[in-house]
Amino acid sequence: MAEVAFVRHEMEPPQAPPSGQVGPARWLRENLFSSWLNALLTIASVALLWWLVSHMLPWFAHGVWNAGSLTECRQIIQATWGEGASGACFAVIRERWQQFLFGFYPVHLYWRPTLTFFLLLAALAPVLVSELPRRLLWFSAAFPGLCYWLLWGGSLWVPIAIYAGFVVGHLAQRLLAAAGYGLVAPFAAALATVLWWLYLVGPVADAFASVVPLALTPVASKLFGGFMLSTVIGMTGIAFSLPLGVLLALGRRSDMFIVKALSIGFIEFIRGVPLITLLLVATFLLNVFLPPGTNFDIILRVIIMVTLFAAAYMAETIRGGLAALPRGQYEAADALGLDYWKSMRLIIMPQALKISIPSIVGNFISLFKDTTLVAIIGLLDPLGLVTSIRADSNWNGIVWELYGFVALLFLLCCYGMSQYSRYLERKLRTDRR
Amino acid sequence: MKQRFLFGSAIALVLAAGAASGATLDDVKARGTLKCGVNSGLAGFAAPDAAGKWEGFDIAVCRALAAAVLGDAEKVEFTPTTTETRFTALASGEVDVLSRNSTWTFSRDVDLKFTFAGVNYYDGQGFMVSKDLGVTSAKELDGATVCIQTGTTTELNLADWFKTNGITYQPVPIATNAEANQQFQAGACDAYTTDASGLAASRATYENPDNWIILPEIISKEPLGPLVRQGDDQWADIVRWTLNALIAAEDYGITAANADEMATTSENPEIKRLLGTEGDLGAMFGLDKDWAKRAIQARGNYGEIFAANIGEGTPSNIARGLNAQWTDGGLIFSPPFR
């Protein structure tokens, strides 16, 4: 019998990897200390972080939330943490946070902006999330009027009468088209709408209001302020600049000479001028041109200027998306026999907008942050309010707490927007090319 | 129903072209509120409280005016203005009166076509230094670094003054008062210069106010007061004499508390004329007899307003100084009510 050499029956259990190759040690070595330079940078960063935290943490930890003035804050900090200790005086935020959110809006009416905010979320939902039933979009369309009524008060019939202008325009177009004047119908419809707005909105709204009032206590826009003002300006700008931007972008690529020239002129003019200039024009020049005593609401002026400004940038962003589409898409749309608007609506725009999403959201974010510029023309947005609050003799001398709070609010909003943009990009990624 | 005009303000553009404002007084009465342009925030002079109610030294002038014209000190719409927007707001009619620590200068009065209704605060540019610097007079500041807000008249005053005194300085330009205070406390400059009232207010907010001293030199004249558009003399008179009424009231010892009593008991004919018990001064510019009494009752006489907002004991802690009554060696003075 031949001797059988020893044969292993079972595998040797694998040895644990060397201690430097597993767990945190490996992660540290690969990510933080992979070379001398990286090691140095790591150590420097940690030192910097430590320096920041060690300086800021006591400031936060010593923070005082219950005090009536800065002096009282300081006394409390001295009493609790010893002579020479410094700390945050968050009491100012505790006292003024409502002002930061609502400005000078009457306290007993705070429910109106609050409700408007939640309705805004509800109105945005169907726009932002396509899984929701499409019929909800009607609510989104009705929201601007509702928002105006809730925030400014007055009669509900005014926004309804303004909406009715669209119906009037639509009817005018239908009637004229049916009567065989298809060519002039769109212009006549636009004219009818404008005439309705100019001359009939007031009387019609008054007539209805005299029967069924449906009125809320009016609130002057002078009382708007704080984060609510930023949101109103920002959201209106965002909501109206997108459709306006789409139209301008299409106008710029149009074959019709006048439309094209007007679009280019408008876009280039607005893009050639800083926003603050437009805001100053809204405050100063319009005032000088209007007859003295005319009350052309300042917030409305600002909203118009901000919207026009954002629309010009939006137009260029969308034009970029349009240019990125291959010619084949346009030709395919033509080949299907779609007319211009149908091909744009069904084929070109969905793709162009998808390409432009990151830049569109970028535009939105910068528009939202630009609303703080209105502090320069004397509107009390969060930054303007900081000046006012610091002028209160109780809180004069506070800096970091107030600006930090404003920064935090803006950070939350802008971060939310950019997260949404990333969600949208992931969802719409079809890897077509 | 003015909400309708918010959306339809384009309509206003077309329709209201002819509606140039007539007498401001009639507009204010018809509207039922006084539109007052104020600083969007200056310690002691104008600031909203937690409930959004404006108070301060400049605000009190608006309150008194509203009380005189409309009979209610609360019927004021405040429009916060910045240094850039203030004069346009007044010129365009967005506000009826501007009570916003604005210096009365030749060019503003003549070229910008405003009428200054008087002076409610005599300010002047001063210097603040650290106690450790060991300086007791601004003339010892040779070669010092000076923090200064850019684009203000203080910048020009500073250059003029140092030139006149033959000494040199290094300007440290800074944009806002808040930043200037931070920089100054951090030692970025030896001295900080701005209006003396501003220095006092800033110093009061420092952690250790006693470590900082305000030098005695005042290097410029800054008479601050309410102003109106030129061309409506009746309105300018109302603003001027409302302010004068507050000043005269302090002179004669009329306070918010005793005005009613003084009106009936005082034997002084001038007090009687002022408070409307004798003669009818108010009717001469379209107001009733009690206009001045109501103005005084709004926030008190000049001295009471000063003491409540910026005087000694308040955080600003400003001494009356130039702003004392003429009888106490100050410049505050009202022409006679006759």
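In what follows, every chain begins at residue 1, and chains take the letters A, B, ... in the order their sequences are listed. Quick caveat, the model's predicted, so the values are computed rather than measured.
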Participant: If you measure from OG1 on B/Thr85 to CG on A/Leu279, what distance do you get to the nearest 0.5 Å?
Facilitator: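 Answer rounded to 0.5 Å: 12.0 Å.
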Participant: If you round to the nearest 0.5 Å, how far is OG1 of B/Thr81 from CD1 of A/Ile377?
Facilitator: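 With rounding to 0.5 Å, CD1 (A/Ile377) is 12.0 Å from OG1 (B/Thr81).
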Participant: Could you check whether atom OH of A/Tyr105 has more than 12 heavy atoms from other residues, nucleotides or ligands sitting under 6.0 Å from it?
Facilitator: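 Result for OH/A/Tyr105: enclosed.
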Participant: Would you give the length of the straight line joining atom CH2 of B/Trp54 to atom CZ of A/Phe104, rounded to the nearest 0.5 angstrom?
Facilitator: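 One finds 5.0 Å between CH2 of B/Trp54 and CZ of A/Phe104.
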Participant: Need one label for A/Val399: side chain, backbone, both or neither, based on atoms under 4.5 Å from any heavy atom in chain B.
Facilitator: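 Looking at A/Val399, just its side chain touches chain B.
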Participant: Sort A/Gln99 into side chain, backbone, both or neither according to what part of it lies under 4.5 angstrom from a heavy atom of chain B.
Facilitator: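 For A/Gln99, the contact with chain B is made by the side chain alone.
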Participant: Heavy-atom count around B/Tyr206 OH within 6.0 Å, excluding the residue itself: above 12?
Facilitator: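 Enclosed.
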Participant: How long is the span from the CG atom in B/Asn208 to the CZ atom in A/Arg74, to the nearest 0.5 Å?
Facilitator: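 Result: 8.5 Å between the selected atoms.
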Participant: Taking the side chain from A/Ser388 and the backbone from B/Ser40, do they hold a donor-acceptor pair closer than 3.5 Å?
Facilitator: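 Yes; judged by distance alone, with no hydrogens or angles, the pair exists.
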Participant: Let's test your reading of the structure: which of B/Gly41, B/Ala47, B/Ala43 forms the most heavy-atom pairs below 4.5 Å with chain A?
Facilitator: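 The option with the most such pairs is B/Ala43.
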Participant: Taking all atoms of both residues into account, what is the closest heavy-atom pair of A/Ala391 and B/Ala46, and its distance?
Facilitator: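 Scanning both residues completely, I find the closest heavy atoms to be CB-O, 3.8 Å.
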Participant: In terms of heavy-atom pairs under 4.5 Å, which option from A/Leu380, A/Leu280, A/Ile299 contacts chain B the most?
Facilitator: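 Option with the top pair count is A/Leu380.
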Participant: What part of A/Ala215 gets closer than 4.5 Å to chain B, counting heavy atoms only: side chain, backbone, both or neither?
Facilitator: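 Contact with chain B involves no heavy atom of A/Ala215 at all.
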Participant: Where does B/Gln182 contact chain A at under 4.5 Å (heavy atoms): side chain, backbone, both or neither?
Facilitator: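 Side chain only.
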Participant: Give, as side chain, backbone, both or neither, the part of A/Trp400 having an atom under 4.5 angstrom from any heavy atom of chain B.
Facilitator: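 When you check distances to chain B, only side chain atoms of A/Trp400 fall under 4.5 Å.
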Participant: Looking only at atom types and distance, does a side-chain atom of B/Thr82 sit under 3.5 Å from a main-chain N or O of A/Ile376, one as donor and one as acceptor?
Facilitator: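 Answer holds: yes.
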Participant: Given a strict heavy-atom distance threshold of 4.5 Å, which part of B/Phe45 is in contact with chain A: side chain, backbone, both, or neither?
Facilitator: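 Neither part.
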Participant: Drop me the distance from B/Asp49's CG to A/Glu95's CD, to the nearest 0.5 angstrom.
Facilitator: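 Output value for this atom pair is 8.0 Å.
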Participant: Does B/Lys131 have more than 12 heavy atoms from other residues, nucleotides or ligands lying within 6.0 Å of its NZ?
Facilitator: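 Check fails, neighbour count at 12 or below.
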Participant: Can you name the nearest heavy-atom pair linking A/Lys222 to B/Thr79, along with the distance?
Facilitator: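 Here A/Lys222 and B/Thr79 meet closest at CE-OG1, 3.1 Å.
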